[in-house]
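Written below as structure tokens is the structure these notes are about.
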Amino acid sequence: MANPVAEPLPDIMQYESNIWAIADDLRAVGIKQSDCPVFMMPFFALMMLEGRMRNTVKKLKAEYAIAEDENPEGFDQLFIAEDVGFNEYIVLDRKTLADICRNDTTFYTDFRSYLESFDEDLKRLLGVGCGPHDQKFLNMDGIAAELHGKHILLAVATKWASVDLSGYDNSAITTLEEHIKRKWADISASTAGEQYTPDDIISLIAEIVADKIDKPKNRMIHLYDPTCGGANLLFGVEDRLRKNAGYGHIASYGSEYNDALYALASIESRFRESSKIKYGNTLTNVPFDGTLFDAIVANPPYGTKWTGYEREIRNDQRGQFAGGLPGTGDGQFLFMQHILWQLNPQGLAVVVADGSTLFSGDAGSGESNIRKYIFDRDWVEALVQMPQQEFFNTGITTYLWILNKKKAPERRNLVALIDASKGWSSLKKAKGDKRREMTETHRAAIVGALRDFHPSEICKIFNREHFYYNKQKVFLTELDKNGKSISPEDCVSFKISAFSCGDLRLEIRDIPPERAKEVLASIKECNLQTTGIALSADDGKRYAFDPDKKTITVFNELDSATRLLGRGVFGFSLCQGSTRGSKTLKATIAPEITTDYEIIPHHFAPDTNQAEIAAFVKKYIFKPCELGENKVGIELNFNKEFYVPEQLDSVEDILAEIKALDAQLQEVTL
């Protein structure tokens, strides 16, 4: 007799609405909507584990011709060898959460036994049987206790038990998981950017990696995400590389510091061919220290402070942060450097970042120095400007940094800027702040521009030197309206015999020590710009400052001869007086020097660079000046590079329009 044909399974997404109905029960007992994901994550993990374990049982019994209701000796070890976790209730007793929920009298006792039957590592991830000082991760014990206290644990567990995922393959379960986590990202807006990268961006990143990675398809690819969250980006890229690009051997690695997201990612990793998820602060713990990766994908958090582990970062001895440290208000460039540090010499990285990574920080700042460090090594192959409103909890413009440690020879010293900001379609229904998506056509345009590496409507190619600039310090000598400043020979220091400033007049010879600072403070507080100042020196000369003309004049009191010194400034200091223990005032007259900075294009060749600076000074600076320190910075500005001037109407067209309007007014008047 032929075996009956199995009924096709319904679309797994049917469970999505059932799951969100559970959130209604939670809200009904006073749990805030923003907290619902916390109460739902551990149960969703249970159902994924249960479904996949039941699938593994069926697979093994089919392979070894074991009857469905038999458990031969050693079957438990056979199952454990599959490395998908173990639960005696599910594997040997063939019980499910649905079975436990049918008996309300023994439910709580049976539910606790069901949880305790998971292996030690899964109990650790689920948060079952934790000690007071243990990590709680998904915190199943705490969540179950709170729901039990609110008298809805059985009702919630029963609804979750109806989400039967057995029979569905890992890919289908992963698809449902991604949709659920995306919804959690919508609800938990405060951490949405950390939890979930949209599917269209995951597809784009996977397509870039598939097109650029330089490794035969029959070789193992080591893929890494240092800020993996629930691993939707990491596993999404892995799945697309397998299904769409034909890479059959992929080992995926991830690191995450959020307890619940780490647990979800770690549980998911058990059902993958070769995957490791580690817990901890990626930057300080460095979970995969010593491992280099073929491809790294990441969407690090934006604007996250790193003050909580600043000491560890500053004391890092591994060399992760050789380019320098950014401001403590944003750690994106810490992750960028970590990624490059763990990328192998032939590796490729695609990193999502906000605009601050392109232009924040002046020349000499940590951010600019890090950009310079990366550009100096010619690791930037391209930057892609993405559309706004692409993420679930922010509408900001984001960018893809495409980092390649082994550029093709013809691409060395070149950087592509790809403007994909207009490559989007509107979603029929907004998902939080996400109102746009990149279709396959939009993504293909980006991948094609990167592959062709030729100038086009959306792509511009630059020598990397184009993005460097000099921040040249300039000391300017200020001039009066006659173009005159105090000359070096007129720069004098002398003791003051008398001082006047507005209504204040002091005869200054010897000042008692207790009044010396008071007198100096009085002089410094005088508003020289409005009252002027006059000083009498011991040599009989008198110096006067004109606040309107900003000039200093000297004249001899004996013959009234005067001489205009030009623009200058007074300085004052205390010195030893003629009487023991007394003080006298010393005045200094010098040119008025102001400091300015000029932004000048930078050239790698020192002689060419100095010639550029000299030409700039000659053309644009009209005051006597001296050059100070020069700092080299890097800035990228898509708006400037892709700027299209607005087309203005011609004068003739404007006059014609005015004439036509005037004629219309005449008709109205008549």
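Side chains included, hydrogens not; waters and symmetry mates left out as well; all remaining heavy atoms used.
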Under the 3.5 angstrom rule, does the side chain of [X] hit a backbone N or O of [Y] as a donor-acceptor pair?
| X | Y | answer |
| --- | --- | --- |
| N285 | P287 | no |
| Q342 | F288 | yes |
| R443 | M438 | yes |
| D134 | G131 | yes |
| D452 | H454 | no |
| D11 | Q14 | no |
| Q320 | L283 | yes |
| Q317 | N315 | yes |
| K123 | G129 | no |
| N369 | S365 | yes |

Heavy-atom pair of closest approach, residues [X] and [Y]:
| X | Y | value |
| --- | --- | --- |
| A445 | I458 | O-CD1, 3.9 Å |
| D330 | S356 | OD2-OG, 3.4 Å |
| L343 | D294 | CD1-O, 4.1 Å |
| S266 | S269 | O-OG, 2.6 Å |
| Y247 | K215 | CE2-O, 3.7 Å |
| L241 | A206 | CD2-O, 3.8 Å |

Between Y64 and F75, does the ring centre distance come in under 6.0 Å?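 No: the rings miss the under 6.0 Å criterion.
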Taking the six-membered ring for Trp, is the centroid-to-centroid distance between F43 and F39 below 6.0 Å?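 So the answer is no for these two rings.
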Tell me whether the rings of [X] and [Y] are parallel (<30°), tilted (30 to 60°) or perpendicular (>60°).
| X | Y | answer |
| --- | --- | --- |
| F462 | H466 | parallel |
| H338 | W341 | tilted |
| Y15 | Y168 | perpendicular |
| F44 | W160 | tilted |

Run Q385 and T397 through side chain to side chain contact (heavy atoms under 4.5 Å, CB included) and show every step you take. CA-CA 7 Å; Q385 180 172 259; T397 301; 3.8 Å; yes
Can you list the residues that meet the side-chain contact (heavy atoms from CB on, under 4.5 Å) rule with N404, with sequence neighbours excluded?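 So N404 forms a side-chain contact (heavy atoms from CB on, under 4.5 Å) with K212, L348, E381, K406, K407.
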May I have the step-by-step check of salt bridge (charged side-chain N to carboxylate O under 4.0 Å, His left out) for E82 and K59, ending in yes or no? CA-CA 11 Å; E82 292 290 303; K59 185 195 77 163; 2.7 Å; yes
Starting from the C-alpha separation in whole Å, work towards a yes-or-no answer on salt bridge (charged side-chain N to carboxylate O under 4.0 Å, His left out) for R318 and D289. CA-CA 9 Å; R318 300 179 181 89; D289 193 359; 3.1 Å; yes
Other residues, nucleotides and ligands only: do more than 12 of their heavy atoms fall within 6.0 Å of [atom1] on [X]?
| X | atom1 | result |
| --- | --- | --- |
| K305 | NZ | no |
| E63 | CD | yes |
| K276 | NZ | no |

I418 and L383: CA distance, side-chain angles, deciding distance, side chain to side chain contact (heavy atoms under 4.5 Å, CB included) verdict: CA-CA 6 Å; I418 299 173; L383 284 148; over 6 Å; no
Check against side chain to side chain contact (heavy atoms under 4.5 Å, CB included), I90 and T96: CA-CA 6 Å; I90 299 169; T96 65; over 6 Å; no
Atom [atom1] in [X], atom [atom2] in [Y]: separation rounded to 0.5 Å?
| X | Y | atom1 | atom2 | value |
| --- | --- | --- | --- | --- |
| I296 | H222 | CD1 | NE2 | 12.5 Å |
| R377 | L340 | CZ | CG | 10.0 Å |
| M41 | L264 | CE | CG | 5.5 Å |

Could you check if a side-chain atom of I370 sits within less than 4.5 angstrom of a side-chain atom of P326, using non-hydrogen atoms only?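 I370 reaches P326 side chain to side chain.
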Identify whether the distance between the nearest side-chain nitrogen and carboxylate oxygen of D419 and K460 falls below 4.0 Å.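 Looking at D419 and K460, the cut-off is not met.
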Could I get the full list of side chain to side chain donor-acceptor pair (under 3.5 Å) partners for R272, not counting sequence neighbours?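 Scan of R272 (side chain to side chain donor-acceptor pair (under 3.5 Å), adjacent residues dropped) gives E238, D239, E268.
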When L138 is tested against each of I267, L46, L261, I143 for side chain to side chain contact (heavy atoms under 4.5 Å, CB included), which residue passes?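 Only one option passes, and that is I267.
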Please determine if K372 forms a cation-pi arrangement with Y468, meaning its NZ or CZ atom is less than 6.0 Å from the six-membered ring centre and no more than 45° off the ring axis.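 The answer is no; the distance or angle limit is not met.
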Pi-cation contact, F271 with R52 (under 6.0 Å, within 45°):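 Because its charged atom sits under 6.0 Å from the ring centre and within 45° of the axis, R52 does stack over F271.
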With ring pair (Phe, Tyr, Trp, His ring centres under 6.0 Å) as the test, pick out the partner of Y257 among W306, Y279, Y262.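 Result for ring pair (Phe, Tyr, Trp, His ring centres under 6.0 Å) with Y257: Y279.
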Test item: side-chain donor near acceptor, E88 and S117, under 3.5 Å: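 There is no such pair between these side chains.
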Go through E273 and R242 one step at a time and tell me if the salt bridge (charged side-chain N to carboxylate O under 4.0 Å, His left out) criterion holds. CA-CA 11 Å; E273 178 184 296; R242 290 182 188 279; 3.6 Å; yes
Going through the checks in order, is the salt bridge (charged side-chain N to carboxylate O under 4.0 Å, His left out) test met by E310 and R314? CA-CA 6 Å; E310 181 177 354; R314 295 192 183 280; 2.8 Å; yes
